[in-house]
2 protein chains.
Amino acid sequence: MSSKRSDVDAYQLSEQAGFNLRRANQRHVAIFSKLVKGLTPTQFAALARLNEHGAISQNRLGRLTAMDSATIKGVVERLKAKGLVLSRSDLKDRRMRLVELSDKGRSVFETELVAALHARTETLAPLTEEEAKTFEALLSKLV
Amino acid sequence: MSSKRSDVDAYQLSEQAGFNLRRANQRHVAIFSKLVKGLTPTQFAALARLNEHGAISQNRLGRLTAMDSATIKGVVERLKAKGLVLSRSDLKDRRMRLVELSDKGRSVFETELVAALHARTETLAPLTEEEAKTFEALLSKLV
DNA sequence: CCGAGATTGCTCGTATACAAACAGATGTTG
DNA sequence: CAACATCTGTTTGTATACGAGCAATCTCGG
């Protein structure tokens, strides 16, 4: 199933939604890293979910933050190393590893929240208020 | 610089543009991987740029595909291993490593182009034609 | 109660992604 | 032309991201 010459020549990577999705994400990560010191976007996402849900299993935290079990394991490991989360095994279900915010983790989350919101603002800065609203609405349909 | 309690409680990760940008990108990568066999989105992007530009230096290819020199090195390495690109050193500038499509690389690119376009379509499928146009236009301002 | 199936978390392997430090080649400029 | 800056590609280390395969545990139907 090959393509016509004209298709091949007309294909412009820069116009591809997938490529631009990747670049927009790269840009957001860069902005976030600049504004939020000491936490990656994924680590911050994990703290946010723990703040929302309290003590939950590691895999559930992974699902809530869109990370598979292998990825969330590493994230939790690094958050534990920073003293931002605690984990303990569940007495009812001995498979489970309950994860929750430490006092320090809660404090760091609350402190960095402002910077995280600034990161969102700066990421969307090339758009007008109206456009940003539209963009976020459409984006939420693509997740 | 901490946050008010109300801010902390009101923060909803799922509504954050950055988080959704990451998830939308994950979804696109998954769709692309399902439809385009044997090539990652980044590998395909590199082939597309080489198809557009002919023989170019490895770092320049990296800039055209939004990868730093460490990342593009690995991508080119794997494309070489698959026999899709060739690389040789430039005689004029002995620092440079010129990279170009092999015949097989060009053929694979042309073959997979259709699937890549389908991936874009499926990624944007939750949107109407009109919304997709709007989304792509706004997205292109955020790269 | 028992065995099939599901779930939890782990490990390994591969592929981006990027910061930082490096050596070698090229360029620029006083 | 020599000093310096810049650019090339490489390497190392860290952090997602995910497929695949694994053992331990739980659930549920019979």
Side-chain angles (χ1 to χ4, degrees), chain A residues 18-19 21-34 36-47 55-82 84 87-99, chain B residues 18-19 21-34 36-47 55-82 84 87-99:
Chain A
F19 182 61
L21 223 34
R22 171 170 153 264
R23 289 206 293 163
N25 188 46
Q26 284 179 347
R27 176 166 164 274
H28 173 260
V29 172
I31 291 171
F32 192 98
S33 302
K34 183 186 67 180
V36 182
K37 288 304 179 191
L39 285 176
T40 65
T42 47
Q43 289 168 4
F44 185 80
L47 297 187
I56 53 179
S57 82
Q58 187 172 291
N59 274 5
R60 178 153 151 69
L61 178 59
R63 286 191 295 273
L64 289 169
T65 50
M67 300 178 220
D68 74 351
S69 60
T71 302
I72 193 62
K73 184 194 188 300
V75 173
V76 167
E77 200 170 86
R78 288 181 281 278
L79 289 175
K80 279 186 72 169
K82 295 181 193 191
L84 303 182
S87 76
R88 55 194 159 83
S89 50
D90 188 313
L91 300 181
K92 309 268 180 49
D93 187 337
R94 294 185 4 249
R95 292 169 303 179
M96 291 212 286
R97 201 92 200 117
L98 289 180
V99 185
Chain B
F19 182 61
L21 222 33
R22 169 168 154 267
R23 289 205 293 164
N25 187 48
Q26 285 179 345
R27 178 166 164 273
H28 173 260
V29 171
I31 291 171
F32 192 98
S33 301
K34 183 186 67 181
V36 182
K37 288 302 178 191
L39 285 177
T40 65
T42 47
Q43 289 169 3
F44 185 81
L47 296 186
I56 54 180
S57 81
Q58 185 172 291
N59 275 4
R60 179 154 150 66
L61 178 59
R63 286 190 296 273
L64 289 169
T65 49
M67 300 177 220
D68 75 351
S69 60
T71 303
I72 193 62
K73 183 190 189 302
V75 173
V76 167
E77 203 169 86
R78 288 181 281 277
L79 288 174
K80 280 187 70 169
K82 297 181 192 190
L84 303 182
S87 76
R88 54 192 160 84
S89 50
D90 188 312
L91 300 181
K92 309 268 181 48
D93 187 338
R94 297 187 359 250
R95 292 170 303 181
M96 291 211 288
R97 199 102 196 109
L98 289 180
V99 185

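Proteins get letters first, then strands, A, B, ... in listed order; numbering begins at 1 in each.
- Remark: B/Ile56 CD1 to B/Arg63 CZ distance equals 9.0 Å, nearest 0.5 Å.
- Nucleic acid contact for B/Ser33: none, since no nucleic acid atom lies under 4.0 Å from a heavy atom of the residue.
- Taking atom CD1 of A/Ile31 as the reference point, atom P of C/dC18 lies 13 Å away to the nearest angstrom.
- In this structure, B/Gln58 places its CD atom 16 Å from C1' of C/dA25, rounding to the nearest Å.
- To the nearest 0.5 Å, atom CZ of residue A/Arg95 and atom CG of residue A/Asp90 are 10.0 Å apart.
- The heavy-atom pair separating B/Ala46 from B/Leu79 by the smallest distance is CB-CD1, 3.9 Å.
- Residue pairs meeting the salt bridge (charged side-chain N to carboxylate O under 4.0 Å, His left out) criterion with at least one partner in residues 66-81 of chain A, sequence neighbours excluded, are A/Lys73-A/Glu77.
- As rounded to whole Å, 17 Å separates atom P of D/dT14 from atom CG of A/Leu79.
- Put simply, CE on B/Met96 is 13 Å from P on D/dC7, counting in whole angstrom units.
- As a whole-Å value, the separation of A/Asp90 CG from C/dT7 P is 17 Å.
- In this structure the side chain of B/Arg22 reaches within 4.5 angstrom of the side chain of A/Thr42, judged on heavy atoms.
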Under 4.0 Å protein heavy-atom contact, by nucleotide of nucleotides 16-29 of chain D - B base, S sugar-phosphate only: SBBB----BBS---
Verdict with supporting geometry, A/Thr40 and A/Val29, side chain to side chain contact (heavy atoms under 4.5 Å, CB included): CA-CA 8 Å; A/Thr40 65; A/Val29 172; over 6 Å; no
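- For the atom pair CZ of B/Arg60 and OG of B/Ser69, the computed distance is 15.5 Å after rounding to the nearest 0.5 Å.
- Regarding A/Leu98, its CG atom lies at a distance of 12 Å from the C1' atom of C/dT8, rounded to whole Å.
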Close N or O pairs between protein and nucleotides 2-5 of chain D (under 3.5 Å):
none

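- Between the CG atom of B/Leu21 and the P atom of C/dA17 there is a distance of 13 Å, given to the nearest Å.
- B/Gln58 places no side-chain N or O within 3.5 Å of a backbone atom of B/Val76 that could act as its donor or acceptor partner.
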Side chain to side chain contact (heavy atoms under 4.5 Å, CB included) evaluation trace for B/Thr65 with B/Val75: CA-CA 11 Å; B/Thr65 49; B/Val75 173; over 6 Å; no
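- Rounded to a whole Å, the NZ atom of B/Lys73 is 17 Å from the P atom of C/dA17.
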